[in-house]
Novice: 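Dumping the structure here so I can ask a few things about it.
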Amino acid sequence: MSDALKTLNHLSAASHLEVFGLLHEGSETIALLGPREPDFWANVSQSAEFLDGQSDPLDRWSKRVVRQIAKECGAKALFPSDGPPYPPFISWALASGQSWVSPVGMLVHETAGLFISFRAALRFSEHLPLPAQTASPCVNCAKPCVSACPVNALSPDHYDVPSCMSHIRERDSAECRSKGCAARRACPVSQNYARSPLQSAFHMRAFLGE
């Protein structure tokens with residue numbers, strides 16, 4: 001492992017983040033950063049950004065923390081909200097060989113499952129060593145995610161957002177509002193990721209515009 005990658009891993013872990021994908025783009029390397037479980041939410045939700053009562057606390061926390069990591073690593077920080085044009089996080093994730101398209105259309109990651117999310121990316125002006133390629137965890141899976149959604153809102157090529165939102169607001173028989181998307185929770189890999197339901201509830205409120 002290169003010194004730059006060791007430094008990145010150390011700084012990320014100290015900030016409750018993890019490298020969820022590495023890929024080469026031209027002569028550069030893109031590193032994708034996401035929540036490091038099981039301690040991410042317990043720590044981040046007590047940060048200054050969450051206690052000051054202002055809007056967008058998670059995005060503000062991400063920008064403060066990742067920009068400092070980038071400074072110490074000699075890299076450039078990139079965020080999903082940068083744009084337009086917006087950085088191609090999904091394309092980067094697929095190109096990294098650590099994420100794939102799941103049977104329900106969402107990204108699935110080798111360790112985070114359907115709970116994969118990216119807080120930021122770092123662009124290095126050199127080639128860092130890449131991890132060995134692995135196979136999608138869906139290959140030998142019984143695919144419980146396919147039947148988990150109570151309103152069948154998810155498919156490989158379509159997401160029925162109105163049906164999803166209507167169910168969560170009116171019935172929520174699968175407790176998606178308080179525990180997170182039922183399809184994401186059904187993924188066996190997700191179940192080993194130990195994501196806090198409080199974090200899922202936070203994202204669900206944002207999804208509903210609350």
Side-chain angles (χ1 to χ4, degrees), residues 1 5-6 8-23 30-46 58 61-62 65-66 69 80 89-90 92-121 130-150 152-156 159 164 168 172-207:
M1 183 181 294
L5 194 52
K6 288 179 181 178
L8 172 59
N9 286 335
H10 172 73
L11 294 173
S12 298
S15 297
H16 315 291
L17 293 168
E18 189 164 350
V19 179
F20 278 144
L22 285 168
L23 64 143
I30 305 293
L32 303 173
L33 302 181
R36 184 183 181 91
E37 303 299 354
D39 58 352
F40 176 79
W41 195 250
N43 287 276
V44 171
S45 60
Q46 296 302 309
L58 186 53
W61 176 90
S62 299
V65 169
V66 176
I69 293 174
F89 273 79
I90 293 178
W92 284 339
L94 294 172
S96 76
Q98 291 178 258
S99 294
W100 302 265
V101 177
S102 73
V104 290
M106 297 182 286
L107 284 181
V108 61
H109 184 265
E110 61 181 5
T111 59
L114 290 176
F115 276 141
I116 183 62
S117 64
F118 302 108
R119 299 311 316 157
L130 304 181
Q133 296 289 301
T134 58
S136 167
C138 303
V139 173
N140 297 312
C141 181
K143 301 175 179 54
C145 60
V146 173
S147 59
C149 177
N152 298 314
L154 299 163
S155 70
Y159 175 27
C164 175
I168 296 169
D172 197 18
S173 60
E175 299 181 280
C176 294
R177 178 190 286 267
S178 59
K179 296 182 179 179
C181 168
R184 294 181 190 269
R185 285 185 279 126
C187 172
V189 183
S190 297
Q191 292 171 10
N192 291 324
Y193 183 51
R195 175 170 165 171
S196 169
L198 295 175
Q199 181 181 353
S200 293
F202 171 88
H203 289 297
M204 194 61 72
R205 290 193 298 272
F207 168 63

Novice: Hey, could you give me the CE/CD1 distance between M204 and I168, rounded to the nearest 0.5 Å?
Specialist: 4.5 Å
Novice: How long is the span from the NZ atom in K6 to the CG atom in L8, to the nearest 0.5 Å?
Specialist: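 K6 atom NZ to L8 atom CG measures 13.5 Å (nearest 0.5 Å).
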Novice: Taking side chain as C-beta onward, heavy atoms only, is R185 less than 4.5 Å from C176?
Specialist: yes
Novice: Is there side-chain contact between V44 and V65, with heavy atoms separated by less than 4.5 Å?
Specialist: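 No, their side chains stay 4.5 Å or more apart.
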Novice: I need the C164 SG to L154 CG distance, nearest 0.5 Å.
Specialist: 7.0 Å
Novice: Name each donor-acceptor pair under 3.5 Å that joins a side chain in residues 110-117 to protein atoms two or more places apart or in another chain, with its distance.
Specialist:
| unit_1 | atom_1 | unit_2 | atom_2 | d |
| --- | --- | --- | --- | --- |
| E110 | OE1 | T134 | OG1 | 2.7 |
| E110 | OE2 | Q98 | NE2 | 3.0 |
| T111 | OG1 | H109 | ND1 | 3.1 |

Novice: Evaluate the ring planes of F118 and F20, with Trp represented by its six-membered ring, and classify them as parallel (under 30°), tilted (30 to 60°) or perpendicular (over 60°).
Specialist: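 Perpendicular.
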Novice: Taking the side chain as C-beta and beyond, is there a heavy-atom pair between V19 and L33 under 4.5 Å?
Specialist: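 SC-SC contact between V19 and L33 confirmed.
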Novice: Can you find a heavy atom in the side chain of V104 that is under 4.5 Å from one in the side chain of R184?
Specialist: no
Novice: Verify whether the ring centers belonging to F202 and W41 lie closer than 6.0 Å.
Specialist: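 Yes, ring centres under 6.0 Å apart.
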Novice: What closest approach, in Å, do P144 and A186 show between heavy atoms, and which atom pair accounts for it?
Specialist: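 Smallest interatomic distance, heavy atoms only, reads CG-O, 3.3 Å.
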Novice: At their closest point, which heavy atom of E18 faces which heavy atom of R36, and how far apart are they?
Specialist: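 Smallest interatomic distance, heavy atoms only, reads OE1-CG, 3.8 Å.
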Novice: Which pair of heavy atoms, one from Q133 and one from S96, lies closest together, and at what distance?
Specialist: NE2-O, 3.5 Å
Novice: State, to 0.1 Å, how close G180 and S200 come at their nearest heavy-atom pair, and which atoms those are.
Specialist: CA-CB, 3.6 Å
Novice: Would you say that P137 contacts W100 through its side chain, given a criterion of any heavy-atom pair below 4.5 Å between the two side chains?
Specialist: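 They are in contact (side-chain heavy atoms under 4.5 Å apart), so the answer is yes.
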Novice: Could you state the interatomic distance from CZ (F207) to CZ (R177), rounded to the nearest 0.5 Å?
Specialist: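 So the CZ of F207 and the CZ of R177 are separated by 11.0 Å.
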Novice: Do L94 and L107 make a side-chain contact, defined as non-hydrogen atoms from C-beta onward lying under 4.5 Å apart?
Specialist: yes
Novice: Is the closest side-chain heavy-atom distance between C138 and V108 below 4.5 Å?
Specialist: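 Touching, per the 4.5 Å side-chain cut-off.
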Novice: Tell me the closest heavy-atom pair linking Y193 and P35, and the distance in Å.
Specialist: OH-O, 2.6 Å
Novice: Please answer whether the main-chain N or O of N9 pairs with a side-chain N or O of S12 as donor and acceptor at a distance below 3.5 Å.
Specialist: no
Novice: Give the minimum heavy-atom separation between K143 and P103, together with the two atoms involved.
Specialist: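 Distance-wise, the nearest heavy atoms are CD-CG, 3.8 Å.
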Novice: For the atom pair CG (L32) and CG (L22), what is the distance rounded to the nearest 0.5 Å?
Specialist: 7.5 Å
